[in-house]
Amino acid sequence: AICLCSQALYMAHYLLKHEGLLVGSSSAINVVAAIRFAKEVPPGSTVATVLCDSGQRHLNRFWNPQYATAPPYNLSWPGPNEVEEHVGRMAAVH
């Protein structure tokens, strides 16, 4: 099953723009989970995750704005300046 949540979508766009990694939804959600976990462990801890899929297999769905923004997902497609802001909020320690 494909994960189409806004956090995974924004993270995938962030990884492509800043790291040059075209990842699929599973890899993107793994990074989101690693960031969430990192906020709960002591400072200086090491957190690792696996980038387990390429975005190449997801071009028709996860990387397709017409698919991701249509029902039942109705996601907001990341704009050019929204990616950093969204990922920054996700990574902020509360």
Side-chain angles (χ1 to χ4, degrees):
I2 189 168
C3 168
L4 276 175
C5 73
S6 63
Q7 289 185 331
L9 190 61
Y10 277 88
M11 182 56 68
H13 281 254
Y14 181 88
L15 292 171
L16 180 60
K17 183 175 181 179
H18 293 279
E19 303 297 334
L21 298 170
L22 178 64
V23 300
S25 57
S26 296
S27 292
I29 205 68
N30 282 356
V31 175
V32 170
I35 289 172
R36 287 181 182 172
F37 181 71
K39 294 192 304 189
E40 298 186 20
V41 296
S45 298
T46 299
V47 176
T49 192
V50 176
L51 301 181
C52 56
D53 60 346
S54 165
Q56 187 174 7
R57 288 187 23 206
H58 298 274
L59 295 177
N60 289 333
R61 291 187 177 190
F62 185 69
W63 282 99
N64 180 340
Q66 287 78 26
Y67 184 87
T69 59
Y73 304 110
N74 299 315
L75 297 177
S76 171
W77 194 256
N81 299 320
E82 295 176 312
V83 172
E84 289 80 8
E85 180 181 330
H86 189 86
V87 172
R89 282 194 312 265
M90 187 186 322
V93 177
H94 298 283

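Excluded from the calculations below are hydrogen atoms, water molecules and symmetry mates; all remaining heavy atoms, backbone and side chain alike, are included. Along the sequence shown, residues carry numbers from 1.
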Self-check item: Phe37 reachable from Ile35 in the ILVMFWY side-chain graph, under 4.5 Å edges
Solution: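 Shared cluster, no.
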Quiz item: In terms of hydrophobic clusters joined by side-chain contacts under 4.5 Å, are Leu21 and Val47 together?
Solution: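 Hydrophobic grouping puts Leu21 apart from Val47.
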Kindly say whether [Y] contributes a backbone atom to a donor-acceptor pair with the side chain of [X] at under 3.5 angstrom?
X	Y	answer
Trp77	Asn64	no
Ser27	Cys52	yes
Asn30	Val50	yes
Lys39	Ala92	yes

Quiz prompt | Candidate list Arg89, Arg36, His86, test side chain to side chain donor-acceptor pair (under 3.5 Å), partner Gln7, passing option | solution =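 Going through Arg89, Arg36, His86 one by one, the side chain to side chain donor-acceptor pair (under 3.5 Å) with Gln7 is satisfied by Arg36 alone.
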Which atom of [X] lies closest to which atom of [Y], heavy atoms considered:
X	Y	result
His58	Gly24	CD2-CA, 3.4 Å
Pro78	Val83	CB-CG2, 3.8 Å
Asp53	Ser26	OD2-N, 3.3 Å
Ala8	Phe62	O-CZ, 3.6 Å

Practice problem: For Arg57, enumerate each residue passing the side chain to side chain donor-acceptor pair (under 3.5 Å) test, keeping only those at least two apart in sequence or located in another chain. | Solution: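 With sequence neighbours excluded, Arg57 shows a side chain to side chain donor-acceptor pair (under 3.5 Å) to no residue whatsoever.
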Practice problem: Step through the shown structure and confirm whether more than 12 heavy atoms of other residues, nucleotides or ligands are within 6.0 Å of CG on Asn60. | Solution: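 Counting other residues, nucleotides and ligands, CG of Asn60 stays at 12 neighbours or fewer.
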Report yes if some heavy atom in the side chain of [X] is under 4.5 Å from a heavy atom in the side chain of [Y]; otherwise report no.
X	Y	value
His13	Glu82	no
Leu9	Tyr73	no
Tyr14	Val31	no

Self-check item: From Asn74 atom CG to Ser6 atom OG, the distance as rounded to the nearest 0.5 Å
Solution: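 So the CG of Asn74 and the OG of Ser6 are separated by 12.0 Å.
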Quiz prompt | Leu16 and Trp63: CA distance, side-chain angles, deciding distance, side chain to side chain contact (heavy atoms under 4.5 Å, CB included) verdict | solution = CA-CA 11 Å; Leu16 180 60; Trp63 282 99; 3.9 Å; yes
